[in-house]
Amino acid sequence: MRALLVILSALGAAVLVMGFVRSWQSRKALKTGQPPEAVHNNYFIGLIVAGIVFACGAWWLESNSVPPDLTYSPARIENGKVTGGSFERQS
């Protein structure tokens, strides 16, 4: 679920930045007398922002993961009580 949120936040940030840059560049083009259709690099900037947000999110997701040499033991019911799952080193 967190991975999906990271991906969606990266896409959302890209769309917001592309819209902001397009608006800003259109206003700048109108002030200088150029046509607003001359704005082309907002998609590139949005791609860069999406990549940065995605990289930060992927780093955040992996920063609290367990090492690959551990084995997960699932939760069990012993004598009517639930014992939590745990990670154990492989022998």
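Keep in mind it's a predicted model, so treat the numbers as computed, not measured. What's counted below: heavy atoms across the whole structure, side chains too, no hydrogens, waters or symmetry copies. FYI, the numbering just counts along the sequence from 1.
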Excluding sequence neighbours, so at least two apart, what forms side-chain contact (heavy atoms from CB on, under 4.5 Å) with [X]?
X: Ser23; answer: Arg27
X: Leu11; answer: Ile7
X: Ser9; answer: Val53

Next on the checklist: Which residues pass the side chain to side chain donor-acceptor pair (under 3.5 Å) test with Asp69, not counting sequence neighbours?
Outcome noted: Arg89

Item to check | Non-neighbouring partners of Thr71 that pass side chain to side chain donor-acceptor pair (under 3.5 Å), sequence neighbours left out | outcome: Gln90

Checklist entry - Within the side chain of Thr83, is there an N or O that forms a donor-acceptor pair under 3.5 Å with the backbone of Arg76? => result yes

Checklist outcome for this item: Cluster membership besides Leu8, Ile/Leu/Val/Met/Phe/Trp/Tyr side chains within less than 4.5 angstrom, sorted by chain and number, is Leu4

Checklist entry - Mind checking who shares a hydrophobic cluster with Val82, ILVMFWY linked at side-chain heavy-atom distances under 4.5 Å? => result Ile77

Checklist outcome for this item: Across all chains, not counting sequence neighbours, the salt bridge (charged side-chain N to carboxylate O under 4.0 Å, His left out) partners of Glu88 are none

Next on the checklist: Quick test of your reading: applying ring-ring contact (aromatic ring centres under 6.0 Å, His included), list the pairs with at least one residue in residues 60-79, sequence neighbours left out, ordered by first then second residue.
Outcome noted: Tyr72-Phe87

Checklist entry - Roughly how far, to the nearest 0.5 Å, is the OG1 atom of Thr32 from the CD atom of Gln25? => result 11.0 Å

Next on the checklist: In this structure, would Phe54 and Leu5 fall into the same cluster of hydrophobic residues linked by side-chain contacts under 4.5 Å?
Outcome noted: no

